[in-house]
Amino acid sequence: MGLNISLDRMKYLKQYFKDRPLTDVELEMIAQTWSEHCFHNVFKGDVLTDDGRLIHSILKTYIMRATRELNKEWCISVFEDNAGIVDFDNGYAIAAKVETHNHPSAVEPFGGAATGVGGVIRDILGVWGEPVALTDVLCFGPLDIKYEDLPPGVKHPRYIYRGVVAGIGSYGNNMGIPTVSGAIFFDKGYTGNVVVYCGCIGILPKDSYVRNTCEGDFAVLAGGRTGRDGIHGVTFASVELTEESEELRSAVQIPNPIVEERLRRAIIQIRDERLASGITDLGGGGLSCAAGEMAYRSGLGVDIDLDRVLLKTPDMAPWEIWVSESQERMLLSVPEKNLMRVIEIFNEEDVEASVVGRFVETGRVRVFAKGRTVCDLDLKFLFNPPKVTRKARLPKPAHSEVNLDEPRDLGEELLKLLSEPNIRSKEDVIRTYDHEVRGCTVIKPVYGDEAGPSDAAVIKPLKDSWKGIAISCGINPFYPDPYWMVANSIEEAVRNNVAVGGRRIALLDNFVWGSPENEDNMGMLLKAVEACYDFSKALDAPFISGKDSLYNESPLGAVRPTLLITGIGIISDVRKVVTPSFKEEDNPIYMLGLTKEELRGSAYLRHKGVDGGEVPRVDGVISKRIIDTLIRVIDEQLVLSCHDLSEGGLGVAAAEMVVASKNLGAEIHLRKVLSGTRRSDFILFSESASRFLVEVDRSRYKRFEEFFSGLPFSKIGRVVKGAGLRIIDLNSRVSELSSREIKKAWRGY
Amino acid sequence: MKIRAEVRLKPGHFDPEGDVTAKSLRELGFPVDAVKVGKVYVLDVKVNSKEEALRLTEEMCRKLLANPVKDDYTIEVLNT
Amino acid sequence: MKIRAEVRLKPGHFDPEGDVTAKSLRELGFPVDAVKVGKVYVLDVKVNSKEEALRLTEEMCRKLLANPVKDDYTIEVLNT
Amino acid sequence: MDAGKFRAIVLRTGGTNCDLETKIALEEMGVKTEIVHMNKIESKSLLDYHLIVFPGGFSYGDYVRAGAVWGKRVFTRLREQLEKFIDEGRLMLGICNGFQVLVEAGVLPGDGIGETPLVALATNSSAKYECRWVWLRVENNRTPFTLAMEKGEVLKIPIGHAEGRFLTDEKTLEKLKEGSQIVFKYVLPNGEDANGLYPYNPNGSLYDIAGICNRNGNIMGMMPHPERAFFGWQLPEWGEAPPERGDGRKVFESVIEYLENNIS
Ligand SMILES: Nc1ncnc2c1ncn2[C@@H]1O[C@H](COP(=O)(O)OP(=O)(O)O)[C@@H](O)[C@H]1O
Ligand SMILES: [Mg+2]
């Protein structure tokens with residue numbers, strides 16, 4: 001197993017250490033710290049484009065710049081710590097983080113996914129947050145792929161799917177943190193590279209966010225013991241998965257959620273008693289990264305004695321202890337006067353903890369084992385590796401016509417789409433996750449008795465406040481244009497959030513990409529981050545945290561480039577949330593936004609096996625105005641139900657609202673839809689952005705229309721008695737679908 | 001044909017379930033040092049030859065019942 | 001002393017996990033009729049006599065490892 | 001009406017995770033409530049409390065069998081106090097994992113602390129964790145936990161468990177019926193028997209049993225989570241505004257009513 005340090009950097013190391021040899025511990029530490037996973041070389045390095053531009057750090061130039069320019073006073077900590085932190089209410093703040101755990105899940109689906117959840121929970125604990133909700137977004141290969149079509153070393157998607165879903169559920173359920181939001185996709189582009197996103201949202205009193213490690217503070221390592229499991233996880237994260245990956249046994253991490261459950265209790269207690277001066281999780285790179293980072297960001301140095309680390313197996317080499325990625329561990333810095341009480345709290349919760357070192361003024365990281373110094377490195381040197389320059393070839397937009405006959409029966413087409421794996425209800429998975437534990441879930445991931453779709457989950461995290469947190473996501477991996485794919489994903493995350501009444505939305509970006517050594521991948525990545533900047537600005541929604549996972553390659557090639565946008569919004573009063581079920585007969589149904597002939601990559605064309613046309617584009621100005629106005633009419637309580645339009649367009653959105661409703665349905669006139677296309681099927685299935693379906697109180701529709709004057713909107717139908725969906729197409733042909741049929745297609749029962 | 005497949009964590013992997021079980025047994029007063037927990041599957045395989053049954057079960061273990069990265073498995077025929 | 005205790009559902013009891021496993025195996029094309037799932041505990045019991053070890057393990061099964069409403073168990077000594 | 005004189009203890013151990021919302025429900029009713037870890041139990045006298053709650057969660061990771069480890073440990077360690085507590089007719093409530101604990105400890109449905117369990121809460125017939133709202137019919141409204149309900153009333157309360165399939169032998173089932181020990185049954189939304197129909201009977205429980213009590217009625221265990229259906233806004237859907245309260249609240253209201261009538 002290699003260290004995965006590039007040749008250039010090896011040369012640099014040789015030069016730097018020409019006077020003495022590097023120890024194995026030092027070399028390992030350098031490899032960990034400089035790994036893509038820990039250091040984000042690509043996002044922090046230089047990019048040279050084929051049109052001659054040199055960009056210093058795409059992270060700073062695009063993602064962080066948007067946040068800086070938006071300059072929101074409610075952003076408390078962004079891009080710095082383990083999680084992003086924004087203001088909430090009553091002196092409390094929200095912490096949010098999303099991670100990927102793709103490689104481990106490909107090798108050991110259950111353990112990989114479970115430890116993904118465990119890891120992101122520790123990121124929240126690592127900013128003193130009490131975890132209150134989890135999210136998961138998963139992308140698999142098609143479940144019906146043939147065994148014979150899989151190259152050696154690639155596990156069947158069905159096996160991965162079963163394991164990943166069970167792993168996610170197991171960890172969250174065991175920890176008693178509700179899993180409230182997520183998505184599942186199936187596509188050939190994920191057969192060799194499963195994608196597992198795990199997110200966690202936490203709550204903390206603002207004044208308990210302490211990051212003040214001082215000279216003389218003790219380094220306390222707590223939680224699970226350190227073992228051989230998970231050695232080289234981070235360097236492993238940036239190698240291509242091949243048949244040999246099976247041999248990378250030591251990278252397998254075994255989840256132990258009850259240890260983390262106890263750890264959480266202890267840490268929240270230590271937080272509430274204000275006993276520690278700093279905290280961080282042990283994730284990639286294990287103790288080496290955690291201790292180094294903590295010292296470096298405090299402007300200090302650290303001395304660590306490996307003999308004091310509690311081990312699972314006694315015969316570990318110093319370098320193994322130093323970089324082990326055993327799960328369920330946290331590192332705290334504790335002032336001497338509080339040490340006894342901290343240890344006592346750990347004891348009370350049955351958590352093992354030991355003092356492994358001390359923070360010192362040296363600016364160096366020194367590691368001792370069996371009385372010998374095994375590592376002595378300058379932290380400035382360690383955290384400033386030579387920059388990496390990547391080349392990017394920008395994608396050329398391809399144009400082609402859509403070649404597809406208009407179908408005879410729109411209703412039949414809609415039913416087919418509703419039962420498509422990417423669109424149909426994920427209820428069978430969602431219900432294996434406890435989404436009610438903690439008793440604070442207001443909008444659940446399945447809505448109401450009919451298990452309809454929810455646009456976003458809403459939780460009420462504080463006992464004494466009616467304020468809620470709306471958690472949404474946006475992800476459109478199927479639009480074959482990285483810029484517009486990202487634009488749509490950002491807008492979708494915002495749309496979903498606003499649809500339930502969310503506002504003041506903060507975003508998290510999580511990239512899953514193929515190798516950055518491939519210039520086309522880099523070109524696509526560049527377009528993607530450009531869109532991040534443009535639409536974060538346009539929609540007034542800053543990024544607060546994120547992560548990139550590059551090098552997702554397998555014998556089947558690169559992963560489908562995928563960006564997950566998570567939206568964290570605020571609900572002013574959870575009793576006023578908006579839901580997707582129709583409320584009363586004869587209320588008008590409005591569509592907000594314009595419907596264009598934008599079907600490239602749409603669920604409809606993919607289902608038909610057709611590629612062509614235009615991908616949906618987002619007009620940031622119109623989008624922002626529609627969204628702002630929608631929030632105002634929600635606050636005026638003019639909106640009785642609302643659903644955002646995304647995959648499958650108007651047809652699927654309307655059908656989903658019918659699913660959510662009990663004895664009500666809808667009548668929709670395609671003629672009344674504001675659109676630039678003359679085909680009924682295109683109107684019904686276009687995936688143009690910035691659109692919502694809204695049911696409005698019929699006695700107050702005039703007021704609603706006043707709000708939207710000057711913006712694209714139209715009354716396209718009404719709520720009807722009796723469950724079902726009636727679509728009247730451009731030629732006045734009527735398609736009638738009963739609610740039974742729709743539910744059967746979408747839910748499967 | 002009844003086949004018995006037993007799947008257990010490979011040596012060297014830490015077994016949280018075994019750990020909890022051992023601790024509980026000790027607390028109940030039993031002199032137990034360590035416990036490893038595994039799963040047994042008794043499979044009714046519809047083939048006629050023992051060899052074929054073993055071969056198939058081996059494949060089932062590799063593909064579904066065990067993860068070769070972390071699990072060992074043993075297979076035996078129970079009767080004919 | 002290493003003892004192996006196997007805990008399995010009593011005959012005639014519905015085994016949801018076994019059913020799901022059987023179904024998955026059939027989906028993968030294996031000719032499997034029925035599957036029963038159980039747990040194995042490999043216990044390191046700190047006593048010197050085989051008889052004592054068996055007696056204690058029996059008691060562990062009765063007190064913790066099995067629920068007599070639904071579980072049967074078998075015990076064997078693995079080595080000395 | 002001063003519930004403040006009543007005291008409840010919510011026990012927890014590693015892996016317990018519904019203690020806080022249970023405490024919030026009890027405190028909302030005015031009961032003085034403490035959450036106490038097993039590691040600190042020795043500093044408390046259980047006889048200082050009117051109600052012990054074993055809350056939901058995954059005690060000890062649900063390893064071996066859900067509730068088995070904690071059940072054995074707690075009733076071995078605190079046997080004397082707990083026996084006294086039960087004999088005095090004080091109240092003990094097990095919710096979800098807490099129900100599993102009481103069953104595995106042999107406390108339910110027996111008359112004391114049994115050697116071996118008489119019932120089991122086995123793996124759900126779907127073989128999966130199930131998180132969903134179910135409808136319960138009140139079969140016995142004379143227990144301290146159901147006083148404030150009507151017999152035959154239907155409550156809507158969520159479940160969240162992987163091991164909740166109630167199992168027992170014929171004889172024990174007959175005894176449970178005779179002794180009116182079946183407190184809640186899973187039913188259809190209209191209150192008719194579920195007869196095992198999924199998902200109304202979400203786990204395949206024998207005789208649709210969702211909750212039982214001991215002969216004396218002072219100990220009850222139930223798989224559904226009343227504390228998650230306590231406030232109206234916790235319900236899965238509502239019209240324009242959430243109702244004041246959820247059906248789960250009635251369990252806690254009953255406890256208060258009982259204590260008020262029986263404790264001076
Ligand atoms: N691609 C990215 N986009 C936005 N923020 C990022 C990205 N990569 C890293 N960050 C920010 O940098 C911070 C530190 O990242 P990282 O070192 O990966 O944290 P950790 O190791 O705790 O997961 C994170 O909180 C995150 O906000
Ligand atoms: Mg971290």
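We name chains A, B, ... by the order of the sequence lines, and we start the count at 1 in each one.
Electrostatic pairing of Glu237(D) and Lys662(A) counts as a salt bridge here, judged by a charged N lying under 4.0 Å from a carboxylate O.
Of the atoms belonging to Leu640(A), it is side-chain heavy atoms, and not backbone ones, that fall under 4.5 Å from chain D. For Leu235(D), the part lying under 4.5 angstrom from a heavy atom of chain A is the backbone only. Residue Arg262(A) touches chain D through its side chain alone, counting heavy-atom pairs closer than 4.5 Å. For a residue to count as touching a neighbouring chain, one of its non-hydrogen atoms must lie under 4.5 Å from one of that chain's; by this rule Asp428(A) touches chain D with backbone and side chain alike. In this structure, no portion of Val259(A) lies under 4.5 Å from any heavy atom of chain D. For Tyr60(D), the part lying near chain A is the backbone, with the side chain staying farther off; criterion is any non-hydrogen pair under 4.5 Å.
Interface remark: of the candidates Gln234(D), Glu227(D), Glu21(D), Lys128(D), Glu21(D) forms the most heavy-atom pairs closer than 4.5 Å to chain A. Your options are Val437(A), Ile443(A), Ile430(A), and the one with the most heavy-atom pairs under 4.5 Å with chain D is Val437(A).
With rounding to the nearest 0.5 Å, the separation of OG1 in Thr13(D) from CD1 in Ile258(A) is 9.0 Å. Put simply, OG on Ser126(D) and CZ on Arg431(A) are 11.5 Å apart, with the number rounded to the nearest 0.5 Å. With values rounded to the nearest 0.5 angstrom, Asn17(D) atom CG is found 7.0 Å from Arg265(A) atom CZ. Rounded to the nearest 0.5 Å, atoms SG (Cys440(A)) and CH2 (Trp233(D)) are 6.5 Å apart. Taking CE from Met175(A) and CZ from Phe58(D), the interatomic distance works out to 12.0 Å, rounded to the nearest 0.5 Å.
Side-chain atoms of Thr432(A) and Glu130(D), non-hydrogen and from C-beta on, never get closer than 4.5 Å to each other. Between Val442(A) and Phe231(D), the closest side-chain pair of non-hydrogen atoms is not below 4.5 Å. For the pair Val446(A) and Trp133(D), the minimum side-chain heavy-atom distance is 4.5 Å or more.
Contact detail for Cys131(D) and Tyr433(A): the closest heavy-atom pair is CB-O, 3.5 Å. Across every non-hydrogen atom of Lys583(A) and Gly239(D), the tightest pair is CE-O, 4.3 Å. Listed here is the closest heavy atom pair of Gly61(D) and Asn174(A): CA-OD1, 3.7 Å.
Side-chain contact of Tyr129(D) with Asp434(A): a donor-acceptor pair under 3.5 Å is present, judged by distance alone.
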The test is side chain to side chain contact (heavy atoms under 4.5 Å, CB included); show your working for Glu436(A) and Ile159(D) and say whether it passes. CA-CA 9 Å; Glu436(A) 302 277 9; Ile159(D) 55 145; over 6 Å; no
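The salt bridge (charged side-chain N to carboxylate O under 4.0 Å, His left out) test with Lys40(D) singles out one residue from Glu348(A), Glu344(A), Glu349(A), and that residue is Glu348(A).
A 6.0 Å sphere centred on OH of Tyr200(D) holds no more than 12 heavy atoms belonging to other residues, nucleotides or ligands. A 6.0 Å sphere centred on CD of Glu27(D) holds more than 12 heavy atoms belonging to other residues, nucleotides or ligands. Lys576(A) NZ: 12 or fewer foreign heavy atoms inside a 6.0 Å radius. Within a 6.0 Å radius of CG in Asn90(A), more than 12 heavy atoms belonging to other residues, nucleotides or ligands are found.
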